[in-house]
Amino acid sequence: MGRTALASTLIVEDMVSKIRTRQHIDAGWEFAQANSDALFRHVSQFPTVNHLDLMHHGLIPDPRKDLNYQKVQWVGEKEWIYKTTFDFFGATSSSQDAHHVLVFEGLDTHCRIRLNGEHLLRTDNMFLEYRIDVTDKILHGTNNLELYFESTFLVGKKLEKDQGFKNRFWNGDSSRMNTRKVPCHYGWDWGPTLLTAGPWRPIYVESYLTRISDLHIDVEVADSLDLARVTVNLKLEGSLAETAVSKIELFEPSGRKILEDKVASRRPHTFVVNKPCLWYPLGYGDQALYTVRATIEGGADIVSKRIGLRLCELIQRPIPGQKGLTFFFRINNIPIYSQGTDWIPPDVFLPRMTPERYRSWLTWAAEGNQNMIRVWGGGIYEDDVFYDTCDELGILIWQDYMLGCGAYPFHQYLLDSIKAEAEYNVTRMRHHPCIVLWCGNNEDYMFAEIYKLDYDKFDDNPQNWIKTNFPGRYYYEVTLKEVSEKLSPRVPYHLSSPYGGSHSNSPLEGDIHSWQVWMADQPRYPYQDYEKLTGRFVSEFGMKSFPCTRTINALITDPKQQHHQSNVMDAWHMAPEDQRTLSMYLIDNVRHDNDLDSYAWATQLIQAESTDYSSRAFRRLWRGPGKEECAGCLIWQLNDCFPAVSWSLLDSNMRPKMAYFVAKRNYQSLLVGATRRVSEKKANEFTHVDIVRETHAELWASNLSVETVEADIEVAFVTIANGDCVQRTITAVTLAPNRSTELELVKFPKLYQASPRSLVVSVRLLERDTKQVLARYIEFPQPLRHHEFRDATVLVRQVDELSWSVSVSNGVAKAIELYVDTEDDGIADACVFSDNCLNLVPGDEQVVKLKVRDSVKIPKGGIVIKERHYC
């Protein structure tokens, strides 16, 4: 899981017996189905889970293909044995005071551990690291380790039956409410049910006399930003823990050591850094990372962590003249407009994730101008490399605890497990500057309100809560709150997502999940109405679309199933209403053909349009100091783990959909917008026909930089039919920093007041001297299905080796998608466009650059770029 596997290798910095060593147990593993005649077979990799090993030996088909995931459901209800033999020759084994600890960084999930035939422990939490002292049990020489994995599904069912509590939930199965396993493994509305089991993270023996069990680093930055205090707390374990002397060093981002001191006890030690290099989120400054290194005297143990010096605040205060409170993050005294996505587990089989794959996913986010990712509460606490990469890229992390979409039961075993899980993961992750929020759960308060559970928000007696049918409230308002505030007090805690105001999904306080455009159980709005569906911080919203056609065709092997109404595509919708919902939006908005390629493309166009209407409307409400009416826009969702029809901006093969590029443009520092408005004046109160209508465009712009921008704004009215510009104006504008600015109200040309729907409004923000385009937007009359764009002539011309210009004549072009004309998926996936899903009017040529991965060889004939657009 994001770590390099070593073949039972002993890692020794120094062969002196006092030094902590780590021997990985990652070779010789075999697995078999328990209580069966199945032979033990070698594992496919390590760490691993059962599905990967069964696939490796051809015992089950690839669940991603066809309807195979339905054929492998039996795997989740069986029990599995993993075993290996390893030789142990610990460097500290010769010392009588040495400790030998068997470490399991992650076991999925209910597992009985046996060493040399002796039962050591039964685990019950996938999110915990387990450490077992085996000093008196491990043999100097050959050892046998066996892991017996029970069916977590059946364990949960038995717990549910025994406790007599009716589990209420969305998604998956009620069994998940009693277990500490990845919730979405039980199935979700974007992913299949695949109940894995196995050693999903590394296993090793750690030997030491004394070790650093925790290097806690507290960073306090002065409000003036000219001074930072870095307080280091060391927690030691082992024979010399009370007497050991430790050296603590601080290195600046360049690698130069700037401070050093020795600590003779466990008391905190504080370094004072004058004029610190501060850590900023993407788009606001550099991601300066210091390093703290702690060394026990004699080199018995060395631990290093990278930190960022930054001041983090969650600002919830009244907005003058409005109801409710703000909800925005302030980093180093700069109010941040949070724009990004939500994150789900990036693979159905987690051990397949590597540091390279994590970096690829997160690089897509950073290059898409995303400064925040919410790690959603139905997945996992991510691997260390995930947070390391976000530190480097400047991506802020909203971190949910792993509870979601239901009313969890209250029992002591579950309380203890959740508390231990929270303590372990907060301790592991709290040094990362990217983490700016701990959040108690996903949608549990909203669930309680919708189903009218026994939830009285004004009852402040926790003992009353645990007697209701919403007892999980205790976890959020007591357990997780206390853990967060005790172990990570400088990072704010939020009870739930969504939460705030008179009800959990209030648009006036906290954050909201804006699903009125999609969900069948809420009043459905057209996506053009997203401006009515905002809140102080919109942490979820989105529109589903098909995966890219190349992904579909590669994973649906029967040509007869390669159409949008096939059994396989129905199954890939995951939620029963989704096929109808998506079809409704298609019918209402666009013309489309019914072959698979055209239909899939049309769904991606709908998703792109929905993303545009929402993200622009939300950002417009970031109006500056005292007017932070909306401070966050997190699209559900960035990534996919299965080729489902889902809300993701990139499909499970990491292929960008058109909505990714729309979000990328709308998340750039400078943005312009136009909103079409129609006013009416009736001759009398009864008439249906004697009405004078006037159409105009509201213009606005947004500047997220910290500098004032002086520019010109060009407004052109262009006919859809032939691309004629019937009116053009250029006006000087001043855009104040870090806010949106309302600009002029422009009437449509008088000759077109009777037919305003024949025009588009083209808005461009121009650099004042060079006339370089800083931002552009074309406002189209809706719905698109009422207009034809087929007469537009799009020209794609190569400018240099990796640049192409795109222009249009004889009309207006909508949603121009550039693609590499090749049957080689390797080449196509290696080519990344700087922009796509373009809208064009004549005279507005755009240049798109191509980035090609170095590992891919370009064909001798070069790369051929073609386009298609909405007609």
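The structure presented is a predicted model; accordingly, all values stated were derived computationally and were not measured.
Side chains of Asn653 and Cys548 form no contact here, defined as non-hydrogen atoms less than 4.5 Å apart. Side-chain atoms of Tyr660 and Gln604, non-hydrogen and from C-beta on, never get closer than 4.5 Å to each other. With a 4.5 Å cut-off on side-chain heavy atoms, Met446 and Pro498 count as touching. Using a 4.5 Å heavy-atom threshold, the side chains of Asn442 and Glu540 count as touching. Within the 4.5 Å cutoff, the side chain of Met429 has no heavy atoms near those of the Val491 side chain. At least one side-chain heavy atom of Val848 sits under 4.5 Å from a side-chain heavy atom of Leu838. You'll find the side chain of Pro492 reaches within 4.5 Å of the side chain of Cys312, heavy atoms only. Using a 4.5 Å heavy-atom threshold, the side chains of Leu850 and Leu818 count as separate.
With rounding to the nearest 0.5 Å, the separation of CD in Glu779 from CG in Asn839 is 11.0 Å. To the nearest 0.5 Å, atoms CH2 (Trp170) and CG (Asp189) are separated by 10.5 Å. Expressed to the nearest 0.5 Å, how far OG of Ser545 lies from CG of Leu582 amounts to 7.5 Å. Remark: Asn171 CG to Trp188 CH2 distance equals 4.5 Å, nearest 0.5 Å. In this structure, OG on Ser614 lies 11.0 Å from CD on Gln528, to the nearest 0.5 angstrom. Once rounded to the nearest 0.5 Å, the distance linking OH of Tyr280 with CG of Asn332 reads 4.5 Å.
Glu531 has a carboxylate O that lies under 4.0 Å from a charged side-chain N of Arg677, or vice versa, which qualifies the two as a salt bridge. A salt bridge between Glu577 and Arg580 is present, with a side-chain N of the basic residue lying under 4.0 Å from a carboxylate O of the acidic one. A salt bridge does not link Asp835 to Lys664: none of the charged nitrogens lies less than 4.0 Å from a carboxylate oxygen. Ion pairing between Asp597 and Arg868 holds under the 4.0 Å rule for side-chain N and carboxylate O. Taking the charged nitrogens against the carboxylate oxygens, Arg620 and Glu698 do have a contact shorter than 4.0 Å, which makes a salt bridge.
Side-chain atoms of Thr326 and Glu628 form no donor-acceptor pair, as typed in the model, at a separation below 3.5 Å. Side chain to side chain, Ser539 and Arg374 fail the donor-acceptor criterion of an N or O pair below 3.5 Å. A side-chain N or O of Asp444 and one of Tyr476 form a donor-acceptor pair less than 3.5 Å apart. A donor-acceptor contact under 3.5 angstrom links the side chains of Gln579 and Asp570, judged on distance only. Side chain to side chain, Ser702 and Tyr337 fail the donor-acceptor criterion of an N or O pair below 3.5 Å.
No option in Trp343, Trp398, Trp636 other than Trp636 meets the ring-ring contact (aromatic ring centres under 6.0 Å, His included) test with Trp376. Tyr870 pairs with exactly one of Phe780, Phe789, Trp601 by the ring-ring contact (aromatic ring centres under 6.0 Å, His included) rule, that one being Phe789.
Ring-plane geometry between Phe329 and Phe327 is classed as perpendicular, the angle between the planes exceeding 60 degrees on a 0 to 90 degree scale with a lower cut at 30. Ring pair His432/Tyr387 is tilted by interplanar angle, where 30° to 60° counts as tilted. Note on ring orientation: taking the six-membered ring where Trp is involved, the planes of Trp647 and Trp518 are perpendicular (angle over 60°, cut-offs 30° and 60°).
When ring centroids are compared, Tyr530 and Tyr613 stay outside the 6.0 Å threshold. Ring centers of His573 and Phe546: under 6.0 Å apart, within the cut-off.
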Going through the distances and angles, do Lys657 and Ser648 end up as a side-chain hydrogen bond (donor to acceptor under 3.5 Å, both in side chains)? CA-CA 8 Å; Lys657 303 177 183 179; Ser648 68; 3.2 Å; yes
List the steps and the verdict of side-chain contact (heavy atoms from CB on, under 4.5 Å) for Leu704 and Trp622. CA-CA 9 Å; Leu704 290 185; Trp622 180 249; 3.8 Å; yes
Is there a ring pair (Phe, Tyr, Trp, His ring centres under 6.0 Å) between Phe833 and Phe661 once you walk through the steps? CA-CA 9 Å; Phe833 291 99; Phe661 295 99; 7.4 Å; no
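A cation-pi arrangement is absent between Arg176 and Phe169 under the rule of less than 6.0 angstrom and at most 45 degrees off the ring axis.
Few gaps surround CG on Asp825; more than 12 heavy atoms of other groups in view lie less than 6.0 Å from it.
Judged by distance alone, with hydrogens and angles left aside, the side-chain atoms of Arg785 form a donor-acceptor pair with the main-chain N or O of Ile587 at under 3.5 Å. The closest donor-acceptor contact from the side chain of Gln607 to the backbone of Met543 lies under 3.5 Å.
For the ring pair (Phe, Tyr, Trp, His ring centres under 6.0 Å) test, no residue two or more places apart in sequence or in another chain qualifies with Tyr284.
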